[in-house]
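Keep in mind that the numbers below use all heavy atoms, side chains included, and drop hydrogens, waters and symmetry copies.
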Number of protein chains: 2
Amino acid sequence: MYAPSTRPVVLDPHGAANACTHCDARAHSVCNAVPDSDVARLAAIAVVTTAQPGTTLIQEGDPASHFVNISAGTVRMYKLLPDGRRQITGFAGVGHFLGLAVSSTYAFSAEAIDTVRYCRFSRARLHTLLDDYPAMEKRLLEIASTELVAAQDQMLLLGRKTARERLASFLMLQSRQGVMCQSPRGRFVLPMSRGDIADYLGLTIETVSRTITKLRSEGYIDVPSATEIAIKAPAALEGLALGNA
Amino acid sequence: MYAPSTRPVVLDPHGAANACTHCDARAHSVCNAVPDSDVARLAAIAVVTTAQPGTTLIQEGDPASHFVNISAGTVRMYKLLPDGRRQITGFAGVGHFLGLAVSSTYAFSAEAIDTVRYCRFSRARLHTLLDDYPAMEKRLLEIASTELVAAQDQMLLLGRKTARERLASFLMLQSRQGVMCQSPRGRFVLPMSRGDIADYLGLTIETVSRTITKLRSEGYIDVPSATEIAIKAPAALEGLALGNA
DNA sequence: CGGGGGCATTGATCTGGATCAAGGCGCGGG
DNA sequence: CCCGCGCCTTGATCCAGATCAATGCCCCCG
């Protein structure tokens, strides 16, 4: 699905400063709170890593020792019940920041969906940086607030929307996030499986599949392949997402 | 249900500094990031207000001009769909802080459930204070992170738990939050109606009512009156909340 | 003390989405 | 090129919780 990256998997340690300066994710991320001139300090504490699909980056309950910043690929964040039921609380793409936690342990797990490149920062070291760059702390608060708003939207979806409305909401959200890197207008790739979508929307795989088929047969969307979606009627789909029959 | 407050509804402006120093909520709140010696600065920008049951404190979509800090009573935060379906995203009690928002408008509404006393801070003025008290900014980040964790738990509840598990989770949560001010062990008051509980748990009033009746007949809880609950088997109820049949 | 309005409970029935059960299809490996 | 394994789709049936419908009960107000 993804062409293998042309970048080396393990970066030359001497080139680490460049890794941050040229990082694709920097513009979208916490890191832009650090001025160019000081980016070496950031690079010095960052460890760049690549994770294969299915690999766990963060495990719920583990000591929250690191922050993670995604620079390529997509991650699923989720929580499990003891019997294995799973709720995906969000998908994190390029620029996303994981690992905010007050408690000493992570409150959720995170797994690579496709091949993911990311930076790990020790929590302790980043905190010392934070004291020197108050803008970075402000940025973290902004990030947390944005996620809180998204979480509230998701609660509305999970508590009160029908399967049809959930899929419409999800597809609109993905199109907003994914469209920038895709050529044809309104078309995008879904990196996650039907099972992931189901666990994100609080539905079953079968309901997700059936509902997508229905939306296609009604002309709201095109589904050129299982992992590609094109939105044909964005306004109408947005209406559906908000409950207009 | 609540004895009328012995405090005056409108505080003497000259006593405002005392209002913060002696505030019941201060210990639980952002305000404790400001040292006692400087609490007058906080008091100077706070407006203490009382809201009657049902009053709107914050309206989704309005310009986010203020922060709010609850010092007595309980507030419901919620989002609506255009057709009136409501999802309550949380209940805020003493010490809770409302109004974090990146965007310029509020992402949710907030209404008083019972009589609520609260402080309003202008966002602009609080931001200038924030620059002088970095500890306060850290505290806000902590608050946002804590709420994010709660939101993730709620997504798991809404997406993957049964009605029975939702009620068990809710009652355990309320008992943790409410028990401190109540005399008999494990007993507490629910300030919100069955309709509020339903809209918080993504259920209907009828299902909430039936499920509470069932939990009572099975000996998990006592329901001395519609607004009072006593948990008789906390460990078993906690098990239920996590899906142990 | 009696009447009425709003919330809560309880009962009967219905249904959206879950569950159970086959196939289809694209892709990687031999 | 073909086979087999994982997803995905589609179909048939089931059921938890929604909806529809009384009735009960508390509390306020006259």
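Side-chain contact check for B:Arg117 versus B:Val48: some heavy-atom pair is nearer than 4.5 Å. A heavy-atom distance below 4.5 Å is found between the side chains of A:Met172 and A:Leu237. Inter-residue side-chain proximity for A:Glu147 and A:His96 is flagged as met; some heavy-atom pair is nearer than 4.5 Å.
Residue-level contact check: B:Ser225 touches neither bases nor backbone, having no heavy atom under 4.0 Å from any strand.
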Exercise for the section: Summarise protein proximity over nucleotides 3-12 of chain D in one line of letters, 5' to 3': B for base, S for sugar-phosphate only, - for none, counting protein heavy atoms closer than 4.0 Å. Expected result: -----SBBBB
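Considering all non-hydrogen atoms of both residues, B:Arg166 and B:Leu201 come closest at NH1-O, 2.8 Å.
Nucleotide C:dG17 holds its C1' atom 14 Å from the CD atom of A:Glu165, rounded to whole Å. In this structure, A:Leu158 places its CG atom 15 Å from P of D:dG17, rounding to the nearest Å. The distance from atom NZ of A:Lys161 to atom C1' of D:dA18 is 20 Å, rounded to the nearest whole Å. The distance between atom CG of B:Asp199 and atom P of D:dA18, rounded to the nearest whole Å, is 11 Å.
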Exercise for the section: I would like to know whether B:Val47 and B:His66 meet side-chain contact (heavy atoms from CB on, under 4.5 Å); could you show each step before the answer? Expected result: CA-CA 11 Å; B:Val47 180; B:His66 289 81; over 6 Å; no
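At a threshold of 4.0 Å, the pair A:Arg210-A:Glu206 does not count as salt-bridged, since none of the basic side-chain nitrogens sits closer than that to a carboxylate oxygen. For the pair B:Asp153 and A:Lys79, the salt-bridge criterion is met [side-chain N within less than 4.0 Å of a carboxylate O].
Contact annotation: B:Thr204 does not reach the phosphate of D:dG17 (side-chain N/O to OP1 or OP2, under 4.0 Å).
When atom types are taken as modelled, the side chain of B:Gln154 and the backbone of B:Tyr200 share a donor-acceptor pair closer than 3.5 angstrom.
Of the candidates B:Phe121, B:Phe97, B:Tyr118, B:Phe97 is the only one forming a ring pair (Phe, Tyr, Trp, His ring centres under 6.0 Å) with B:Phe67. Considering A:Asp196, A:Thr89, A:Asp199, A:Leu57 as possible partners of A:Arg76, the one that fulfils the side chain to side chain contact (heavy atoms under 4.5 Å, CB included) test is A:Asp196.
Axis deviation across the helix from C:dC1-D:dG30 to C:dG30-D:dC1 amounts to 30°, comparing end segments of five pairs, rounded to 10 degrees.
Aromatic pair B:Phe108/B:Tyr78: centroids not less than 6.0 angstrom apart.
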Under 3.5 Å, N/O pairs linking protein and nucleotides 4-6 of chain C:
none

